[in-house]
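So the structure is just underneath, and the comments pick up after that.
Scope of the values below: all heavy atoms of this structure, side chains included, with no hydrogens, waters or symmetry mates.
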Amino acid sequence: MTVTIFNTLNSRKVPLEPIEPGHVKIYVCGITAYDYCHIGHARSALVFDMIVGYLQYLGLNVTYIRNFTDIDDKIINRAQEQNTSTIALSEQFIHAFHEDMAHLGIASPTAEPKATEHLPEIIGMIQELMAKGLAYQAGSDVFYAVEKFQPYGILSGRSLNEMKAGARISINENKRNPMDFALWKGSKPGEPTWESPWGPGRPGWHIECSAMSKKYLGESFDIHGGGKDLVFPHHENEIAQSQGASGKTFVNIWVHNGFVTINDEKMSKSLGNFLTIRDLLAQYQPEALRLFVFSTHYRNPLDYSEAAMQDAVTGLDRLYTCLAEIAQITASGNPTAKPEATVKEIEKIESLTERFQEAMNNDFNTAQALGHIFEIVKILNRIKQALPSNPATTDLDLLRKASTTIRELAGLIGLLRQEPSLYLNCQQQKILAGLDISKESIEQLIQDRLTARRQKDWARADAIRGQLLSHNIELKDGANGTAWSVKPG
RNA sequence: GGCGGCGUAGCCAAGCGGCUAAGGCAGCGGUCUGCAAAACCGUUAUUCAUCGGUUCAAAUCCGAUCGCCGCCUCCA
């Protein structure tokens, strides 16, 4: 079975058929490096990390390019505000980005080219476009003549006429058509500049991706990705540039991930609901974020809320708890005992890999794939709970094998990569750090309560339990004494 | 105004022509417990925004209506 992917170009799921058999080439628009990355950037990075990882799992060779925009208006403005250079600023945030990616457990792409390191390629492509009559110089700027590129609008499904009707086009006297966009911008005083045939200036935003994708992946390649907001104008313009220059199909499949909202509002600094990856990871495990992100299909909108994250944390704990408990089973197994697992359950468990792949092959349906995993966890828990003291060998084998499979598959989307018992311990440790009561006091109170319980002084025992609960400490009386944990939320 | 998307249980979310409408969270019932908590099990939509239509068959296709959202300006 082959992978099918939703293609923005024709709004259809299409089979992935690499141009070069067995080798997938993918380009994803990365960040503009002028600030810390937010949860929306995280989603995009996670989604393409998942896609690349899954394709590799299928045995495909993947060349994955993700660029940095390290020169543009926002960077120039921010650098001026902070009295620093554009280079220093972009370097700072590229570094921060790498840190964030590492914390999220995102694998490095094959290459991460920067716009400023590809000026010769950029200038070369602009010259090519001018030679073909697709671009023109106006003053110190160079513009792309969108009317000259017949398919303009093919990706975003709009025609130039429709767009002209819209009132939101910036007016620029130098443009022949208001929709024309800058390939090269003549620099104003104080701005970083590069020499060019049109005088000192800098590249427009879109041309860098055309130039760099060509350099690293060739004139035609398999997948181009990015956030939904990049469809127009960025990706539309890339098509105009690359296809205009080469005369060949630029990209076969366009993949766009949906947006992240916060409490149903678009993230924006003015609304004060701007959440950076750092903010988030200060509070939650990276894997909890992944579970949250991948619980929704990548093309659908994703609404962030504390409650949603808490759900993800709870879900992750559930998965790890199941694995940890299976790992703790020490029984060696009775070859003649009657198995607990039913035929139906065994079938479900054994078809997990197949069903997981089926979901993933269908436009990377991680939500469904995760659903399959949770379903198996439920079955494993049932079997585990029903196990007698001397359990059947077949049951133990089944549990252990399934456990391995679950970790393998979940690992493909970056989940359950930690040792289950370590994960659970770590959760506890982290929580401990935030307590307003010391570990010693907790344990002393537990001892006091134990004494009371021995004397069957239930009133006192319950009072102590209530006291600890007021500090958010929950007690769990078990066969091996009393354990405690911090109440979530 | 133009283009596109969405509306499935209390919440989140798969399913996109035909097996019992996945799964998670919360709730409830149970096991356990001195009582709890935790853990685990079980359970929770005759119905998929509304109204029509196509079909032997629709949450899934078509049309209309209502309600959300995104893009059209920098944006993942």
Side-chain angles (χ1 to χ4, degrees), chain A residues 8 11 13 28-32 34-35 37-48 69 72-74 77 153 156-159 161-170 179 205 225-234 236 256-261 264-268 291-292 294-297 299-303 305 307-308 310-319 321-322 325 355 359 362 365-378 380-386 453 456-459 461-462 465-466 468-469 473-479 482-485 487:
Chain A
T8 307
S11 297
K13 283 183 197 170
V28 174
C29 291
I31 59 158
T32 298
Y34 76 110
D35 205 342
C37 286
H38 54 66
I39 180 171
H41 296 113
R43 184 184 195 186
S44 186
L46 285 168
V47 163
F48 289 101
T69 297
D72 93 321
D73 290 343
K74 290 192 295 293
N77 293 338
S156 51
R158 14 185 134 206
S159 71
N161 286 337
E162 280 163 1
M163 287 187 278
K164 268 184 207 161
R168 302 176 79 178
I169 300 163
S170 64
M179 292 309 297
W205 174 36
K228 250 192 173 103
D229 54 327
L230 296 180
V231 173
F232 189 89
H234 187 56
E236 193 67 63
H256 294 100
N257 66 274
F259 260 64
V260 179
T261 54
D264 284 321
E265 280 181 320
K266 183 174 172 170
M267 242 188 310
S268 80
L291 182 56
F292 164 66
F294 291 124
S295 291
T296 298
H297 185 89
R299 279 190 283 114
N300 290 147
L302 179 64
D303 187 49
S305 66
Q310 203 45 250
D311 283 0
V313 170
T314 311
L316 190 61
D317 284 350
R318 179 180 167 82
L319 297 177
T321 303
C322 173
E325 286 180 1
R355 288 181 296 135
N362 181 15
N365 193 337
T366 53
Q368 190 174 52
L370 282 168
H372 292 323
I373 288 181
F374 274 102
E375 186 191 18
I376 298 305
V377 164
K378 181 184 259 194
L380 297 183
N381 280 335
R382 195 207 68 79
I383 297 170
K384 189 177 67 191
Q385 194 83 358
R453 291 184 72 209
K456 297 210 188 294
D457 183 356
W458 306 126
D462 290 353
R465 185 169 63 202
L468 282 167
L469 195 60
I473 305 296
E474 281 179 338
L475 298 184
K476 310 170 194 178
D477 295 326
T482 299
W484 58 273
S485 65
K487 205 173 158 186

Nearest 0.5 Å, please: how far is [atom2] in [Y] from [atom1] in [X]?
X	Y	atom1	atom2	answer
K228(A)	R299(A)	NZ	CZ	7.0 Å
I373(A)	C322(A)	CD1	SG	11.0 Å
H41(A)	I31(A)	NE2	CD1	6.5 Å

What nucleotide, of [options], holds the atom closest to the side chain of [X]?
X	options	answer
K476(A)	A13(B), G15(B), A38(B)	A38(B)
A461(A)	A38(B), A14(B), G34(B)	G34(B)
E325(A)	A14(B), A39(B), C71(B)	A39(B)
D477(A)	A76(B), C72(B), C35(B)	C35(B)

Between the side-chain atoms of [X] and the base atoms of [N], is any donor-acceptor pair under 3.5 Å?
X	N	value
D303(A)	C11(B)	no
R158(A)	G4(B)	no
R465(A)	A36(B)	yes
D462(A)	G34(B)	yes

With a cut-off of less than 4.0 Å, is there a side-chain N or O of [X] near OP1 or OP2 of [N]?
X	N	result
N381(A)	C41(B)	yes
K13(A)	C16(B)	no
N300(A)	C6(B)	no

Expressed as a whole number of angstroms, how long is the span from [X]:[atom1] to [N]:[atom2]?
X	N	atom1	atom2	value
F259(A)	C69(B)	CZ	C1'	12 Å
K228(A)	C72(B)	NZ	P	14 Å
F292(A)	A14(B)	CZ	P	12 Å
K74(A)	A76(B)	NZ	C1'	11 Å
R355(A)	G15(B)	CZ	C1'	14 Å
D264(A)	G70(B)	CG	C1'	13 Å
F232(A)	C74(B)	CZ	C1'	14 Å
N362(A)	U60(B)	CG	C1'	14 Å

Nearest heavy atoms of [X] and [Y], plus distance in Å:
X	Y	value
C29(A)	L230(A)	CB-CD1, 3.6 Å
F48(A)	G225(A)	CZ-CA, 3.6 Å
D317(A)	T321(A)	O-OG1, 2.5 Å

Partner set under side-chain hydrogen bond (donor to acceptor under 3.5 Å, both in side chains) for [X], not counting sequence neighbours:
X	answer
E375(A)	K348(A), R355(A)
D303(A)	T261(A)
S156(A)	R158(A), E236(A)
D462(A)	R465(A)

Polar atom pairs (N or O), protein with nucleotides 23-27 of chain B, under 3.5 Å:
residue, atom, partner, partner atom, Å
G24(B), OP1, R318(A), NH2, 3.3
C25(B), O2', D311(A), OD1, 2.4

Using a cut-off of 4.0 Å on non-hydrogen atoms, how would the nucleic acid contact of [X] be classed: base, sugar-phosphate, or nothing?
X	result
V28(A)	nothing
L475(A)	base
G30(A)	sugar-phosphate
A308(A)	nothing
G227(A)	sugar-phosphate

- Message: Consider side-chain contact (heavy atoms from CB on, under 4.5 Å). Of T314(A), V313(A), D311(A), L316(A), which one does L291(A) pass it with?
- Response: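 Output: one option passes, namely L316(A).
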If you measure from the [atom1] atom in [N] to the same atom in [M], how many Å do you get, rounded?
N	M	atom1	value
U8(B)	C48(B)	P	11 Å
G5(B)	A9(B)	P	22 Å
A49(B)	A59(B)	C1'	12 Å
U44(B)	A21(B)	C1'	14 Å
G24(B)	C66(B)	C1'	30 Å

- Task: Determine whether the side chains of N381(A) and K384(A) contain a donor N or O and an acceptor N or O closer than 3.5 Å.
- Result: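 Yes, a side-chain donor-acceptor pair sits under 3.5 Å.
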- Query: RNA chain B in dot-bracket, Watson-Crick or G-U pairs under 3.5 Å, [ ] crossing, | other strand?
  - Reply: ((((((((.[[[..)..(....]]].(((((.......))))).....[[[[[..)....]]]]])))))))....
- Mapping S156(A) and G226(A) onto RNA chain B by nearest heavy atom, which one lands closer to the 5' end?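 Here S156(A) is the residue nearer the 5' end.
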- Message: Need to verify one output field. Residue with the more 5' nearest nucleotide on RNA chain B, R382(A) or G157(A)?
- Response: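 Looking at RNA chain B, the more 5' nearest nucleotide goes with G157(A).
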